[in-house]
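Note sheet for the following structure.
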Amino acid sequence: MGSEGRIERALISVTDKTGIVEFAQALVDNFGIEVISTGGTAKVLEEAGVPVTPIEEFTGFPEMMDGRVKTLHPKVHGGLLARRDSKQHMAEAAEYGIKMIDLVCVNLYEFEKTVADPNVTFEDAIEHIDIGGPSMLRSAAKNNDAVTVVCDPADYDAVLEEMRIHCGATTKTTRRRLAAKVYARTAAYDTAISMWFSTYLEMQEQAIDPDDPFEPPAVIDLHLTKVQDLRYGENPHQAAAVYGFTGEFAQLGSSPNPLVGAEQIQGKPLSYNNLLDADAAWNAVREFSEPAVVILKHQNPCGSAVANDVTTAYDRAFACDPKSAFGGIIAVNREVPLSLVEHFADQNKQFVEVLVAPSYTPEALERLSRRQNLRVLATGGAEGHAKFEVRSVDGGILVQTVDTVDEDPTEFTCPTSRKPTDQEMRDLLFAWNVVKTVKSNAILVAKNQAGIGMGPGQPNRVDSALLACERAEDACERMGMDADNLVAASDAFFPFRDNVDVLAEHGVTAIIQPGGSVRDEESIKACDDHDIAMIFTGTRHFRH
């Protein structure tokens with residue numbers, strides 16, 4: 001830096017070349033700064049007409065070893081780390097011909113993007129570990145009293161504007177802010193490398209299938225990138241934002257078709273509650289291989305159905321509880337056709353906050369465009385789930401594997417005298433897929449593969465059963481069906497037989513539950529007394 005703190009020499013080496021030509025050109029044209037650059041960056045700048053000093057000319061040493069060694073040189077790091085207020089430092093710099101570097105503009109090899117590819121090889125991942133870039137960033141950030149360090153293209157304009165105001169210099173406050181940003185970036189970068197290496201070694205040394213569930217490690221360094229600010233949190237007085245996992249966590253904490261990162265085709269900005277509800281609905285609808293629709297309200301699936309096509313599935317899901325469906329979220333696991341949009345928008349005149357699906361036909365999008373405030377999300381697919389989920393508690397986080405329904409029905413047991421019919425078994429398996437998405441204590445009553453009665457979040461299971469049955473009876477009356485031959489799913493075991501007695505009184509003929517209570521025999525006897533078939537799955541599905 002010059003005697004008045006002006007920036008006189010800049011070193012530029014970037015992977016993301018967004019805006020770099022304009023930034024470098026402004027440094028040269030407006031402030032007369034000498035620009036030093038490396039490899040591909042130097043080529044881009046030269047082709048754009050920006051005067052550049054190649055790194056090998058500056059150091060007097062050629063780039064070598066396929067570019068692995070180019071900026072790891074005393075003339076680079078001496079020029080970055082030398083304290084301008086130290087006579088000793090400046091004398092040593094003069095003795096060895098080290099020129100000061102006042103500004104560093106570096107962003108790193110795209111390691112996180114590279115290892116996000118499931119087909120990446122070990123060798124390719126290794127070659128995308130940046131060494132010189134983090135070294136320069138850290139040296140420049142350490143000497144922020146004198147050196148301006150820029151690692152994000154979003155900061156180019158602000159740096160230039162400050163230099164215009166301060167005659168080619170930046171302020172100490174800005175340099176420290178940019179230095180802090182550098183250390184956050186290099187920490188996230190190193191964590192991504194560490195996580196990838198650990199996962200790779202586990203798979204190699206312990207022959208762990210990469211598709212196996214996430215095994216919680218002893219230490220987790222979570223690094224996330226802000227995707228967007230939200231209008232507000234659960235309530236208007238709460239601030240909120242949404243962040244996306246980076247690096248290795250993008251593979252563990254995200255499915256192949258996650259909600260964060262989905263294309264928003266139209267509509268108002270998503271709110272905190274929109275995202276929570278849409279995520280719950282999206283996770284629920286992906287449990288099914290058949291065409292399925294889930295309508296969700298306040299984290300509970302008030303309508304759910306499968307059918308031969310998604311429009312029919314929507315009609316049956318909406319019929320489960322039209323009142324609760326108002327203002328809800330619709331999730332669809334197939335491309336959305338015009339007919340589905342016409343049914344909810346024109347036929348039912350349903351107010352919908354968010355519609356999420358893999359894709360939409362052009363005709364459907366044209367019709368949806370008439371509802372400008374409706375948030376329409378396209379995920380590109382409906383396969384798979386994340387491996388783990390994170391929730392915050394005061395002072396820390398909770399981490400658990402995602403609860404996907406992947407049990408083998410052939411391993412279920414039937415302890416009752418009567419076995420379920422084929423139709424009952426189809427309905428039981430449907431209800432078992434849905435009940436895990438209902439808040440505990442959870443009871444779901446179903447008929448013809450539609451969730452017609454839901455009892456969520458009650459402090460005791462009998463109240464949940466009563467709520468589910470009452471809603472199922474209302475749905476049957478509304479749809480012109482007899483309230484009989486119903487099935488029920490419970491997310492956890494029945495502690496007493498009274499749950500069975502309540503369900504039996506309301507037309508339930510088959511039940512699916514985990515089993516495992518010390519009073520299972522009482523529930524089995526109650527089923528036999530009422531001629532109810534009951535299935536034990538052996539797996540509980542609480543959702544708090």
Side-chain angles (χ1 to χ4, degrees), residues 224-245 253-255 257-287 292-304 310 314 317-318 320-334 336 340-341 344-345 348-360 364-365 367-382 385-386 389-392 402 434 437-439 454 456-457 543-544:
L224 304 103
T225 301
K226 185 191 286 187
V227 176
Q228 68 184 92
D229 290 307
L230 301 175
R231 292 162 58 205
Y232 51 79
E234 281 185 282
N235 299 290
H237 62 276
Q238 295 171 266
V242 58
Y243 292 77
F245 291 111
S254 302
S255 72
N257 309 110
L259 198 67
V260 174
E263 178 188 4
Q264 182 168 352
I265 296 173
Q266 67 170 57
K268 295 187 295 185
L270 289 159
S271 71
Y272 182 95
N273 291 336
N274 289 155
L275 280 165
L276 280 180
D277 286 344
D279 183 60
W282 186 230
N283 286 330
V285 82
R286 287 186 293 175
E287 293 289 350
V293 171
V294 170
I295 303 173
L296 187 135
K297 186 76 168 291
H298 297 313
Q299 293 284 288
N300 283 300
C302 58
S304 52
V310 290
Y314 163 76
F318 180 78
C320 294
D321 189 351
K323 184 185 296 184
S324 296
F326 183 85
I329 310 287
I330 298 177
V332 186
N333 69 352
R334 296 285 196 280
V336 171
L340 192 155
V341 180
F344 86 74
N348 296 329
K349 302 191 183 306
Q350 180 188 355
F351 169 57
V352 178
E353 290 278 8
V354 180
L355 176 61
V356 55
S359 58
Y360 304 81
L365 289 175
R367 176 61 189 86
L368 286 167
S369 67
R370 300 182 208 171
R371 288 197 174 191
Q372 295 183 0
N373 289 333
L374 171 60
R375 304 160 179 92
V376 177
L377 303 180
T379 64
H385 289 271
E389 60 184 359
V390 177
R391 296 186 186 183
S392 65
V402 170
V434 176
T437 67
V438 180
K439 294 288 187 179
M454 175 182 61
R543 186 65 180 168
H544 287 297

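- For the atom pair CG of L259 and OG1 of T379, the computed distance is 8.5 Å after rounding to the nearest 0.5 Å.
- Exactly one residue among I295, I330, V294 makes a side chain to side chain contact (heavy atoms under 4.5 Å, CB included) with V285. That residue is V294.
- Of the residues listed (L365, N373, L368), the one engaging Q266 in a side chain to side chain contact (heavy atoms under 4.5 Å, CB included) is L368, and it is the only one.
- A distance of 13.0 Å separates CG of L340 from CZ of R334, quoted to the nearest 0.5 Å.
- Qualifying side chain to side chain contact (heavy atoms under 4.5 Å, CB included) partners for K226, counting only residues two or more places apart in sequence or in other chains: D229, A241, Y243.
- Judged by distance alone, with hydrogens and angles left aside, the side-chain atoms of Q299 form no donor-acceptor pair with the main-chain N or O of A280 at under 3.5 Å.
- Residues forming a side chain to side chain donor-acceptor pair (under 3.5 Å) with Y314 (at least two apart in sequence, or on another chain): N348, Q350.
- For residues 259-285, no pair satisfies salt bridge (charged side-chain N to carboxylate O under 4.0 Å, His left out), with sequence neighbours left out.
- With sequence neighbours excluded, no residue satisfies side chain to side chain donor-acceptor pair (under 3.5 Å) with N300.
- We find the CE-OG distance between M454 and S304 to be 8.5 Å, quoted to the nearest 0.5 Å.
- In this structure a side-chain-to-backbone donor-acceptor pair under 3.5 Å is missing from Q264 to R375.
- Shortest non-hydrogen contact noted between V354 and L374 is N-CD1, 4.1 Å.
- Smallest separation of non-hydrogen atoms from A281 and L296: N-CD1, 3.7 Å.
- Judged as a side chain to side chain donor-acceptor pair (under 3.5 Å), and not counting sequence neighbours, the contacts of R543 are E389.
- A distance of 9.5 Å separates SG of C302 from CZ of F318, quoted to the nearest 0.5 Å.
- If you take CD on E353 and CZ on F326, they are separated by 9.0 Å, rounding to the nearest 0.5 Å.
- The closest side-chain heavy-atom distance from V242 to L270 is not below 4.5 Å.
- Nearest approach of Q372 to S369, heavy atoms of both residues: CG-O, 3.5 Å.
- Looking only at distances, a side-chain donor or acceptor of Y360 sits under 3.5 Å from a matching main-chain atom of L377.
- Taking the side chain to side chain donor-acceptor pair (under 3.5 Å) definition, one finds that Q238 meets it with N235, sequence neighbours left out.
- Looking only at distances, a side-chain donor or acceptor of N333 sits under 3.5 Å from a matching main-chain atom of A292.
- No side-chain donor-acceptor contact under 3.5 Å links K297 to the backbone of G327.
- Minimum interatomic distance between R367 and A345 (heavy atoms only, all atoms of both residues): NH2-CB, 3.6 Å.
- In terms of heavy-atom proximity, A284 sits nearest to T437 at CB-CG2, 3.6 Å.
- When all heavy atoms of P358 and A378 are compared, the pair lying nearest together is O-CB, 3.8 Å.
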